[in-house]
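Structure first, then comments.
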Amino acid sequence: VKPEVIAVLKSINSPYVASLFDAGMYNDLPYEVLPYYKNGSLQGRQFSMEELKKTIIPCINEALKVLHQNDIIHKDLKPSNIMLLDDNKSVAIIDFGISSVREAGNTVVMTRTGMTPEYSAPETFRNLFLAESDYYSFGVTVFELFCGFTPYAHMSPDEIEKYTSVQRIPVPKDMPTELADFINALTYYDITNRKNKDNPNRRWTYEEVR
(Lines give C-alpha, C1' and ligand atoms only; values in the text may rest on other atoms or scores of the structure.)
Protein backbone atom coordinates (compact mmCIF):
# COMPACT_ATOMS: atom_id res chain seq x y z
CA VAL A 1 0.00 0.00 0.00
CA LYS A 2 1.36 3.41 -0.98
CA PRO A 3 2.43 5.57 2.00
CA GLU A 4 0.07 8.37 0.96
CA VAL A 5 -2.85 5.90 0.87
CA ILE A 6 -1.95 4.58 4.33
CA ALA A 7 -1.89 8.13 5.70
CA VAL A 8 -5.40 8.83 4.40
CA LEU A 9 -6.84 5.44 5.43
CA LYS A 10 -5.71 6.01 9.03
CA SER A 11 -7.90 9.12 9.13
CA ILE A 12 -11.05 7.44 7.77
CA ASN A 13 -13.67 6.32 10.26
CA SER A 14 -16.42 4.42 8.45
CA PRO A 15 -17.98 1.03 9.22
CA TYR A 16 -17.95 0.33 5.48
CA VAL A 17 -14.19 0.87 4.96
CA ALA A 18 -11.75 -1.44 6.73
CA SER A 19 -9.94 0.40 9.52
CA LEU A 20 -6.17 0.51 9.18
CA PHE A 21 -4.81 0.20 12.71
CA ASP A 22 -1.15 0.05 11.81
CA ALA A 23 1.22 -0.47 8.88
CA GLY A 24 4.95 -0.76 8.46
CA MET A 25 7.81 -3.12 7.66
CA TYR A 26 8.85 -6.33 9.44
CA ASN A 27 11.85 -8.34 8.25
CA ASP A 28 11.86 -6.26 5.06
CA LEU A 29 8.23 -7.18 4.31
CA PRO A 30 5.24 -4.80 4.47
CA TYR A 31 2.42 -5.49 6.91
CA GLU A 32 -0.99 -4.00 7.66
CA VAL A 33 -3.18 -4.51 10.72
CA LEU A 34 -6.88 -4.69 9.80
CA PRO A 35 -10.03 -5.85 11.61
CA TYR A 36 -10.73 -9.58 11.59
CA TYR A 37 -13.84 -10.40 9.56
CA LYS A 38 -14.98 -13.80 10.79
CA ASN A 39 -17.62 -14.18 8.06
CA GLY A 40 -15.16 -13.80 5.19
CA SER A 41 -15.60 -12.06 1.86
CA LEU A 42 -18.43 -12.01 -0.67
CA GLN A 43 -16.46 -14.11 -3.14
CA GLY A 44 -18.50 -17.11 -4.28
CA ARG A 45 -21.71 -15.88 -2.61
CA GLN A 46 -25.01 -14.98 -4.24
CA PHE A 47 -27.68 -12.63 -2.96
CA SER A 48 -31.29 -11.86 -3.74
CA MET A 49 -32.43 -8.61 -5.30
CA GLU A 50 -33.84 -7.59 -1.91
CA GLU A 51 -30.59 -8.31 -0.05
CA LEU A 52 -28.57 -6.34 -2.58
CA LYS A 53 -30.97 -3.41 -2.57
CA LYS A 54 -31.51 -3.23 1.19
CA THR A 55 -27.99 -3.65 2.55
CA ILE A 56 -25.10 -4.51 0.24
CA ILE A 57 -25.52 -1.80 -2.40
CA PRO A 58 -26.02 1.00 0.18
CA CYS A 59 -22.95 -0.14 2.17
CA ILE A 60 -20.68 -0.20 -0.88
CA ASN A 61 -22.05 3.13 -2.08
CA GLU A 62 -21.30 4.78 1.27
CA ALA A 63 -17.82 3.23 1.33
CA LEU A 64 -17.01 4.61 -2.12
CA LYS A 65 -18.35 8.01 -1.12
CA VAL A 66 -15.98 8.15 1.87
CA LEU A 67 -13.00 6.94 -0.17
CA HIS A 68 -13.62 9.38 -3.01
CA GLN A 69 -14.22 12.29 -0.63
CA ASN A 70 -10.76 11.51 0.73
CA ASP A 71 -9.33 11.37 -2.82
CA ILE A 72 -8.71 7.60 -2.80
CA ILE A 73 -9.50 5.58 -5.92
CA HIS A 74 -9.72 1.91 -4.94
CA LYS A 75 -8.98 0.50 -8.42
CA ASP A 76 -9.76 -3.14 -7.57
CA LEU A 77 -13.32 -3.39 -6.26
CA LYS A 78 -14.64 -6.98 -6.51
CA PRO A 79 -16.39 -9.53 -4.26
CA SER A 80 -13.14 -10.87 -2.75
CA ASN A 81 -12.33 -7.33 -1.54
CA ILE A 82 -15.68 -6.86 0.18
CA MET A 83 -16.05 -8.39 3.64
CA LEU A 84 -19.21 -9.44 5.44
CA LEU A 85 -19.51 -7.77 8.84
CA ASP A 86 -20.45 -9.48 12.09
CA ASP A 87 -24.17 -8.78 11.58
CA ASN A 88 -23.92 -11.06 8.52
CA LYS A 89 -25.64 -8.36 6.41
CA SER A 90 -23.51 -5.21 6.15
CA VAL A 91 -20.21 -5.15 4.26
CA ALA A 92 -16.89 -3.29 4.26
CA ILE A 93 -14.29 -2.69 1.56
CA ILE A 94 -10.72 -3.93 2.10
CA ASP A 95 -7.46 -4.32 0.13
CA PHE A 96 -5.96 -1.00 -0.91
CA GLY A 97 -2.83 -2.58 -2.37
CA ILE A 98 -3.15 -0.84 -5.74
CA SER A 99 -5.22 2.14 -4.62
CA SER A 100 -4.06 5.66 -5.37
CA VAL A 101 -4.56 9.12 -3.92
CA ARG A 102 -5.55 11.88 -6.32
CA GLU A 103 -3.17 14.80 -5.92
CA ALA A 104 -4.01 18.50 -6.20
CA GLY A 105 -7.56 17.80 -7.32
CA ASN A 106 -6.53 15.64 -10.27
CA THR A 107 -8.98 12.90 -11.21
CA VAL A 108 -6.72 10.78 -13.40
CA VAL A 109 -4.15 8.29 -12.15
CA MET A 110 -1.68 6.94 -14.67
CA THR A 111 -1.12 3.33 -13.63
CA ARG A 112 -3.00 0.03 -13.87
CA THR A 113 -0.61 -2.35 -12.14
CA GLY A 114 -2.48 -5.23 -10.51
CA MET A 115 -5.96 -4.39 -11.81
CA THR A 116 -8.43 -7.26 -12.37
CA PRO A 117 -9.64 -7.02 -16.02
CA GLU A 118 -13.02 -8.72 -15.42
CA TYR A 119 -14.09 -5.85 -13.16
CA SER A 120 -12.24 -2.98 -14.86
CA ALA A 121 -13.83 0.00 -16.59
CA PRO A 122 -13.04 0.64 -20.29
CA GLU A 123 -11.00 3.77 -19.55
CA THR A 124 -8.67 1.90 -17.19
CA PHE A 125 -7.34 -0.10 -20.12
CA ARG A 126 -6.10 3.28 -21.37
CA ASN A 127 -4.45 3.98 -17.98
CA LEU A 128 -7.21 6.40 -16.90
CA PHE A 129 -8.54 5.86 -13.39
CA LEU A 130 -11.42 7.99 -12.10
CA ALA A 131 -13.90 7.80 -9.25
CA GLU A 132 -16.33 6.64 -11.94
CA SER A 133 -14.03 3.71 -12.64
CA ASP A 134 -14.75 2.33 -9.17
CA TYR A 135 -18.47 2.59 -9.88
CA TYR A 136 -18.06 0.53 -13.04
CA SER A 137 -16.39 -2.18 -10.93
CA PHE A 138 -19.30 -1.77 -8.51
CA GLY A 139 -21.73 -2.60 -11.32
CA VAL A 140 -19.84 -5.73 -12.37
CA THR A 141 -19.61 -6.77 -8.71
CA VAL A 142 -23.38 -6.46 -8.24
CA PHE A 143 -23.87 -8.49 -11.44
CA GLU A 144 -21.73 -11.28 -10.01
CA LEU A 145 -23.32 -11.19 -6.56
CA PHE A 146 -26.72 -11.75 -8.19
CA CYS A 147 -25.79 -14.13 -11.02
CA GLY A 148 -22.88 -16.06 -9.50
CA PHE A 149 -20.54 -15.23 -12.41
CA THR A 150 -19.11 -12.15 -14.10
CA PRO A 151 -20.32 -11.01 -17.52
CA TYR A 152 -16.80 -11.53 -18.91
CA ALA A 153 -15.98 -14.94 -17.45
CA HIS A 154 -13.52 -16.97 -19.56
CA MET A 155 -12.55 -13.98 -21.74
CA SER A 156 -8.98 -12.75 -22.13
CA PRO A 157 -8.02 -9.20 -21.02
CA ASP A 158 -7.68 -8.17 -24.67
CA GLU A 159 -11.16 -9.48 -25.46
CA ILE A 160 -12.62 -7.73 -22.42
CA GLU A 161 -10.96 -4.44 -23.38
CA LYS A 162 -12.32 -4.65 -26.92
CA TYR A 163 -15.84 -5.57 -25.79
CA THR A 164 -16.29 -3.04 -22.98
CA SER A 165 -15.09 -0.11 -25.06
CA VAL A 166 -17.94 -0.28 -27.56
CA GLN A 167 -21.06 -1.71 -25.90
CA ARG A 168 -22.92 -2.36 -22.68
CA ILE A 169 -22.41 -5.56 -20.75
CA PRO A 170 -24.92 -8.34 -21.49
CA VAL A 171 -27.42 -9.05 -18.71
CA PRO A 172 -29.41 -12.30 -18.42
CA LYS A 173 -33.00 -12.13 -19.67
CA ASP A 174 -34.34 -13.34 -16.34
CA MET A 175 -32.62 -10.59 -14.33
CA PRO A 176 -35.14 -8.19 -12.71
CA THR A 177 -35.55 -5.10 -14.89
CA GLU A 178 -34.73 -2.73 -12.04
CA LEU A 179 -31.44 -4.51 -11.34
CA ALA A 180 -30.55 -4.74 -15.03
CA ASP A 181 -31.14 -1.00 -15.45
CA PHE A 182 -29.07 -0.32 -12.33
CA ILE A 183 -26.12 -2.39 -13.59
CA ASN A 184 -26.33 -0.83 -17.06
CA ALA A 185 -26.22 2.65 -15.53
CA LEU A 186 -23.17 1.80 -13.41
CA THR A 187 -21.33 0.22 -16.33
CA TYR A 188 -22.05 2.81 -19.01
CA TYR A 189 -18.88 2.69 -21.08
CA ASP A 190 -18.61 6.30 -22.28
CA ILE A 191 -17.26 8.80 -19.71
CA THR A 192 -17.39 11.81 -22.06
CA ASN A 193 -20.42 13.30 -20.28
CA ARG A 194 -19.44 12.30 -16.75
CA LYS A 195 -19.49 15.91 -15.43
CA ASN A 196 -22.82 16.82 -17.01
CA LYS A 197 -25.38 15.66 -14.46
CA ASP A 198 -28.27 16.49 -16.79
CA ASN A 199 -27.05 14.12 -19.51
CA PRO A 200 -28.63 10.65 -19.25
CA ASN A 201 -25.77 9.13 -21.26
CA ARG A 202 -23.27 8.91 -18.45
CA ARG A 203 -22.19 6.53 -15.73
CA TRP A 204 -23.99 6.63 -12.40
CA THR A 205 -22.13 7.52 -9.21
CA TYR A 206 -23.07 8.10 -5.57
CA GLU A 207 -26.20 10.26 -5.85
CA GLU A 208 -27.90 8.17 -8.53
CA VAL A 209 -27.09 4.92 -6.74
CA ARG A 210 -28.45 6.30 -3.46
Side-chain angles (χ1 to χ4, degrees), residues 41-61 63-65 68 73-82 84 91 93 95 98 108 112-210:
S41 76
L42 301 190
Q43 185 173 17
R45 301 176 190 247
Q46 282 183 257
F47 298 89
S48 67
M49 170 77 174
E50 185 63 23
E51 289 171 321
L52 291 170
K53 188 175 180 178
K54 186 176 180 180
T55 310
I56 293 175
I57 287 172
C59 288
I60 297 173
N61 197 35
L64 289 179
K65 178 186 180 183
H68 296 157
I73 300 176
H74 189 278
K75 298 169 65 177
D76 199 24
L77 186 66
K78 55 188 177 182
S80 61
N81 287 338
I82 303 170
L84 201 56
V91 298
I93 293 178
D95 195 349
I98 66 169
V108 179
R112 60 173 178 169
T113 304
M115 63 181 254
T116 309
E118 281 184 71
Y119 304 89
S120 300
E123 66 273 8
T124 64
F125 290 96
R126 305 192 304 274
N127 296 330
L128 300 176
F129 284 86
L130 315 167
E132 287 84 355
S133 306
D134 281 343
Y135 274 91
Y136 186 100
S137 302
F138 187 5
V140 177
T141 294
V142 171
F143 181 109
E144 181 176 3
L145 294 179
F146 182 80
C147 296
F149 55 87
T150 66
Y152 309 121
H154 311 303
M155 291 176 64
S156 71
D158 287 344
E159 290 173 326
I160 294 173
E161 179 180 2
K162 185 184 301 182
Y163 190 91
T164 59
S165 64
V166 295
Q167 55 188 321
R168 295 174 182 240
I169 65 172
V171 295
K173 293 181 180 179
D174 59 350
M175 179 180 284
T177 301
E178 184 181 13
L179 187 60
D181 290 345
F182 177 79
I183 291 170
N184 278 326
L186 281 176
T187 57
Y188 193 76
Y189 57 88
D190 187 2
I191 56 170
T192 305
N193 300 309
R194 67 189 183 89
K195 292 186 178 181
N196 182 359
K197 298 299 183 181
D198 295 325
N199 194 316
N201 297 315
R202 60 182 179 80
R203 193 177 304 162
W204 276 11
T205 53
Y206 175 78
E207 287 298 336
E208 294 84 2
V209 171
R210 187 176 65 84

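- Atoms CG and CD, on Leu64 and Glu132 in that order, are 11.5 Å from each other to the nearest 0.5 Å.
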(request) Start with the C-alpha distance between Tyr135 and Glu208, add both sets of side-chain angles, then the distance that settles side-chain contact (heavy atoms from CB on, under 4.5 Å), and finish with yes or no. (result) CA-CA 11 Å; Tyr135 274 91; Glu208 294 84 2; over 6 Å; no

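- Atom CZ of Phe138 is separated from atom OG1 of Thr205 by 11.0 Å, given to the nearest 0.5 angstrom.
- Residues satisfying the side chain to side chain donor-acceptor pair (under 3.5 Å) criterion with Ser133, sequence neighbours excluded, are Glu123.
- Between Ser41 and Pro79, the shortest heavy-atom contact is CB-O, 3.7 Å.
- Judged as a ring pair (Phe, Tyr, Trp, His ring centres under 6.0 Å), and not counting sequence neighbours, the contacts of Phe149 are Phe143.
- Here Glu178 pairs with Lys53 in a salt bridge; the nearest charged N to carboxylate O distance falls below 4.0 Å.
- No side-chain heavy atom of Val171 sits less than 4.5 Å from a side-chain heavy atom of Pro151.
- Here the CD-CD distance, from Glu144 to Gln43, works out to 7.5 Å after rounding to the nearest 0.5 Å.
- In this structure the side chain of Glu118 never reaches within 4.5 angstrom of the side chain of Val140, judged on heavy atoms.
- Under a 3.5 Å cut-off, the side chain of Asp134 and the backbone N or O of His74 do form a donor-acceptor pair.
- Here the straight-line distance linking atom CZ of Phe146 with atom CD1 of Ile56 works out to 12.0 Å at 0.5 Å rounding.
- Interatomic distance, CH2 of Trp204 versus CD1 of Ile183, reported as 11.5 Å (0.5 Å rounding).
- The distance from atom OH of Tyr119 to atom NZ of Lys78, rounded to the nearest 0.5 Å, is 7.0 Å.
- The backbone N or O of Asn196 sits less than 3.5 Å from a side-chain atom of Arg202, completing a donor-acceptor pair.
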(message) Please determine whether side-chain contact (heavy atoms from CB on, under 4.5 Å) holds for the pair Val142 and Leu179, giving the CA-CA distance in whole Å, both sets of side-chain angles, and the decisive distance to 0.1 Å.
(response) CA-CA 9 Å; Val142 171; Leu179 187 60; 3.8 Å; yes

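- Contacts of Arg45 classified as side chain to side chain donor-acceptor pair (under 3.5 Å), with partners at least two apart in sequence or in another chain: none.
- When all heavy atoms of Cys147 and Met175 are compared, the closest pair comes out as SG-CE, 3.5 Å.
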(request) Let me see the working for Ile60 and Leu77 under side-chain contact (heavy atoms from CB on, under 4.5 Å), right down to the final yes or no. (result) CA-CA 10 Å; Ile60 297 173; Leu77 186 66; 4.1 Å; yes

(request) Before giving the answer on side-chain contact (heavy atoms from CB on, under 4.5 Å), spell out for Tyr136 and Leu130 the whole-Å C-alpha distance, their side-chain angles and the decisive distance to 0.1 Å. (result) CA-CA 10 Å; Tyr136 186 100; Leu130 315 167; over 6 Å; no

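- Here the shortest heavy-atom pairing between Thr55 and Pro58 reads O-CD, 3.2 Å.
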